[in-house]
Amino acid sequence: AGFRSGAAGYAKDLLMAFGHWPIAAEDITVPVTLIYGEFDASPTHSLDQGKTLARRIPNASRLLIPGAGAAALWTHSEFILDVAAKQVDK
């Protein structure tokens with residue numbers, strides 16, 4: 001159990017995600033897919049499951065995983081990786 005390389009990488013990801021971004025969301029020019037669990041009501045992740053952020057990022061799409069909650073990255077990782085792989089192949 002646990003992270004292969006320890007918790008440092010996960011901690012860094014959290015700090016980057018929840019910290020100040022060095023770029024305005026409106027200035028992101030690459031396509032972005034925002035993925036949330038259908039039942040994610042966490043005030044930490046997003047009160048509106050990414051609706052506001054998707055409106056701010058010009059080329060963003062929003063995907064809700066049916067039946068998933070706030071831990072979608074852990075409970076639906078294979079699905080998320082499949083979505084990411086399809087984006088890379090475009």
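Closest approach of Val83 and Ile35 over heavy atoms only: CG1-CD1, 4.0 Å. Between Ala25 and Pro58 the shortest heavy-atom distance is O-CD, 3.7 Å.
Under the 3.5 Å distance criterion, the side-chain polar atoms of Glu38 are matched with a main-chain donor or acceptor of Gly67. A donor-acceptor pair under 3.5 Å is absent between the side-chain atoms of Asp40 and the main chain of Gly69, judged by distance alone. Arg62 places a side-chain N or O within 3.5 Å of a backbone atom of Gln49 that can act as its donor or acceptor partner.
With contacts defined as side-chain heavy-atom distances shorter than 4.5 Å, the pair Leu34/Val32 qualifies.
No continuous path of ILVMFWY side-chain contacts below 4.5 Å connects Phe39 to Leu63, so the two sit in separate hydrophobic clusters. When the side chains of ILVMFWY residues are joined at heavy-atom separations under 4.5 Å, either directly or via intervening members, Leu73 and Met16 end up in two distinct hydrophobic clusters.
For Glu78, there are no salt bridge (Lys or Arg N to Asp or Glu O under 4.0 Å) partners two or more places apart in sequence or in a different chain. In this structure, the salt bridge (Lys or Arg N to Asp or Glu O under 4.0 Å) partners of Arg56, at least two apart in sequence or on a different chain, are Glu26.
Between atom CG of residue Asp27 and atom CH2 of residue Trp21 there is a gap of 12.0 Å, rounded to the nearest 0.5 Å. Atom OG1 of Thr52 is separated from atom CG of Asp48 by 3.5 Å, given to the nearest 0.5 angstrom. For the atom pair CD1 of Ile23 and CD1 of Ile28, the computed distance is 5.5 Å after rounding to the nearest 0.5 Å. Between Asp82 atom CG and His76 atom NE2 the span is 12.5 Å, to the nearest 0.5 Å. Considering OG1 of Thr33 and CD1 of Ile80, their distance stands at 11.5 Å, rounded to 0.5 Å.
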One pair to check against side chain to side chain contact (heavy atoms under 4.5 Å, CB included): Phe79 and Ile65. What are the steps and the verdict? CA-CA 9 Å; Phe79 174 84; Ile65 301 174; 3.6 Å; yes

